[in-house]
Amino acid sequence: MATLRIAGGRVLHPDLSVTEGDVLVDDESGEIVAVGDTGDGDETLDAAGCLVMPGLVNAHCHAAMTLLRGYADDKPLETWLREDVWPVEAELTDDDIRAGTELALVELLKSGTTAFADMYFSMPEVAEAVADAGLRARLGHGVVGVGKDEDDARADHEESLAFAREYDGYADGRVQTMYTPHSLTTVDEALLREYVPAAREAGVPLHFHANETRDEVDPIVDERGERPLEYADDVGMLGESDFVAHGVHSDAAEIALIAERGTAVVHCPASNMKLASGAAPIPAYRREGVTVALGTDGAASNNDLDLFDEMRDAAMLGKHAANDASAVPAEAVVEMATAGGADALGFDAGRIAAGKKADLAVVDFEAAHLTPTHDAVSNLAYATRGSDVKHTVCDGDVLVRDREVLTLDEDAVRERATERARDLVARAE
Ligand SMILES: N[C@@H](CCSC[C@H]1O[C@@H](n2cnc3c(=O)[nH]cnc32)[C@H](O)[C@@H]1O)C(=O)O
Ligand SMILES: [Zn+2]
């Protein structure tokens, strides 16, 4: 085996304590071998002046939406999707998705993100891009029934399942898949009842948008006389390996239900604030024992993919909504962005300990805005930016060294994305 020693820094442990020490990883198994006084490795990655932390996990994203960054802002979800986003998305080609995804991957890697969940179209392109870039992902083809006849809607579900079956375990297992009906209001009940069991049979988890806005919750309550997550449970959509995005407007009974089922929630505070969707009851989820992860959502509703921003937003929004400065503390958001995300996505990562996946971010703490370090966890939650990440390691491989992405040509990726975005928007107009 060939080993890599991430040397000379301080290490963030699973209990969020910090000590000086090295991390030794095996680049063949892609696992952490030892932490602390590790002895030499075949290679060394310099972490002097840095904090070595678990790679961040972006648990809800639409990566190629980077092409729509800044295209339509300042509107609520329904209007934004129907008037702006869906008409442009109808014009997306495989090459567009590839270009937009690669742009996202550069941004994710440079800001220390080693794993993400993606729900979008042309997912084989996304899987290829992830395979080449070297990070980890759980991928699903998003199914939307709105504006489609039954045959087309059925074909969308079939495509989601076919992709999930074919690509699960791709890229040496770095790519895992999922079945991703878009939401409870944009996918027809009869087809859900047919395809959810098929996804169970295929052994892939479910991921969908739920309780994001009041406008989405109210019609379900009016028509069915039950809460959205009760409906989802009745269809069998709340399994232990499943995870829902947003969960903003969940009531106490829904929170208790999701806790009992073991389904995780992905909190997307920036998207929720930008689209004025509301503030998710994160303290209540955590109190009930629900696994909470963090997601950026697409770059068109954020408008970046920096999970350090997301940590700070989660803490700030949580306090603001609860009118309580102790709500959603620094430790909670760091845990959500690392171990919580890995648990939600079903990856054995998110913690620096022997036997865990060697997915790491090395954050340069020698910066004015990170001085002094009274408390490293506080710095991570409240003062660190994605651009403070110096090296990123995934599956034991160095993907970013000294702030340079080794697996993608950043300039070429930016150029391609700029061109593709310009042509895409022109076609849609
Ligand atoms: N196959 C589907 C595509 C669904 S991908 C997932 C969808 O989620 C959309 N999306 C992005 N952000 C959000 C959000 O915050 N809430 C709901 N949908 C979103 C995104 O634009 C994309 O259309 C189709 O034929 O339309
Ligand atoms: Zn979304």
Side-chain angles (χ1 to χ4, degrees), residues 1-7 9 11-14 21-36 38-47 50-59 63 101 105-106 108-118 126-139 167-178 204-205 241 293 307 337-363 389-402 404-408:
M1 77 179 186
T3 53
L4 171 73
R5 182 165 68 120
I6 297 121
V11 176
L12 180 68
H13 299 281
D22 299 344
V23 180
L24 189 71
V25 311
D26 171 1
D27 72 357
E28 270 154 44
S29 68
E31 287 173 5
I32 296 170
V33 178
V35 182
T38 65
D40 280 347
D42 300 315
E43 264 187 86
T44 304
L45 188 65
D46 179 30
C50 297
L51 181 75
V52 184
M53 70 179 295
L56 301 167
V57 180
N58 189 342
T101 301
L105 299 187
V106 167
L108 291 170
L109 286 173
K110 288 191 82 172
S111 53
T113 297
T114 51
F116 71 110
D118 201 49
V126 180
E128 293 294 337
V130 168
D132 294 349
L135 69 172
R136 205 178 293 288
R138 189 167 287 281
L139 307 177
Y167 281 87
D168 204 34
Y170 188 65
D172 295 328
R174 280 188 289 106
V175 169
Q176 306 276 321
T177 61
M178 55 188 174
V204 295
S241 55
L307 270 180
T338 55
D343 291 351
L345 268 51
F347 294 140
D348 194 17
R351 297 162 181 89
I352 298 184
K356 297 287 170 192
K357 290 290 177 200
D359 295 4
L360 307 164
V362 180
V363 184
V389 172
K390 191 173 179 191
H391 316 298
T392 304
V393 175
C394 183
D395 213 33
D397 293 325
V398 182
L399 305 181
V400 173
R401 187 190 291 270
D402 290 321
E404 190 197 335
V405 184
L406 304 181
T407 48
L408 288 155

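When all heavy atoms of Ala127 and Tyr167 are compared, the closest pair comes out as CB-CD2, 3.7 Å. Counting all heavy atoms, side chain and backbone alike, Ala2 lies closest to Glu28 at N-OE2, 3.7 Å. Residue Ala171 comes nearest to Ala131 through the heavy atom pair CB-CB, 3.7 Å, listed as atom of the first residue, atom of the second, then distance. Considering all non-hydrogen atoms of both residues, Val33 and Ala354 come closest at O-CB, 3.5 Å. Nearest heavy-atom pair across Ser111 and Leu56 is O-CD1, 3.6 Å. Listed here is the closest heavy atom pair of Ala342 and Val57: N-CG2, 3.8 Å.
In this structure, Glu43 and Val398 have side chains that are not in contact, with every pair of non-hydrogen atoms separated by 4.5 Å or more. Within the 4.5 Å cutoff, the side chain of Leu45 has heavy atoms near those of the Arg401 side chain. Taking 4.5 Å as the limit, some side-chain heavy atom of Val35 sits within range of a side-chain heavy atom of Val11. In this structure, Thr3 and Val25 have side chains that are not in contact, with every pair of non-hydrogen atoms separated by 4.5 Å or more. Contact of the Val363 side chain with the Lys390 side chain is not registered, since no non-hydrogen atoms from C-beta on lie closer than 4.5 Å. Ile352 has its side chain within reach of Val23: a pair of non-hydrogen atoms, C-beta onward, lies under 4.5 Å apart.
Evaluated for a side chain to side chain contact (heavy atoms under 4.5 Å, CB included) with Thr113, the options Leu105, Leu108, Thr392 yield exactly one hit, Leu108. With respect to Pro54, the side chain to side chain contact (heavy atoms under 4.5 Å, CB included) criterion is satisfied by exactly one of Thr114, Thr338, Ile32: Thr338.
For residues 108-117, the pairs satisfying salt bridge (Lys or Arg N to Asp or Glu O under 4.0 Å) are Lys110-Glu410, with sequence neighbours left out.
Arg138 places no side-chain N or O within 3.5 Å of a backbone atom of Gln176 that could act as its donor or acceptor partner. The main-chain N or O of Leu135 is found under 3.5 Å from a side-chain atom of Arg174 such that the two form a donor-acceptor pair. Counting only distance, with no hydrogens or angles, the side chain of His391 and the backbone of Leu399 share no donor-acceptor pair below 3.5 Å. Although no hydrogens or angles enter the test, the distance criterion places a donor-acceptor pair under 3.5 Å between the side chain of Thr407 and the main chain of Ala133.
A distance of 11.0 Å separates SG in Cys50 from CD1 in Ile6, rounded to the nearest 0.5 Å. In this structure, CG on Asn58 lies 9.0 Å from CG on Asp118, to the nearest 0.5 angstrom. How far CG of Leu4 is from CG of Asp397: 9.0 Å, rounded to the nearest 0.5 Å. From Asp22, atom CG reaches atom OG1 of Thr38 across 4.5 Å, with rounding to the nearest 0.5 Å.
Partners of Glu128 according to the side-chain hydrogen bond (donor to acceptor under 3.5 Å, both in side chains) rule, which considers only residues two or more places apart in sequence or in another chain, are Tyr170. Not counting sequence neighbours, the partners of Ser29 by the side-chain hydrogen bond (donor to acceptor under 3.5 Å, both in side chains) test are Asp26. Applying the side-chain hydrogen bond (donor to acceptor under 3.5 Å, both in side chains) criterion to Arg136, with sequence neighbours excluded, gives Asp359, Asp395. Checked against side chain to side chain contact (heavy atoms under 4.5 Å, CB included), Asp348 has the following partners two or more places apart in sequence or in another chain: Lys356. Considering only residues two or more places apart in sequence or on other chains, Asp402 meets the side-chain hydrogen bond (donor to acceptor under 3.5 Å, both in side chains) condition with none of them.
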Please test Phe116 against Val130 for side-chain contact (heavy atoms from CB on, under 4.5 Å), starting from the C-alpha separation and ending with a verdict.
CA-CA 10 Å; Phe116 71 110; Val130 168; 3.7 Å; yes
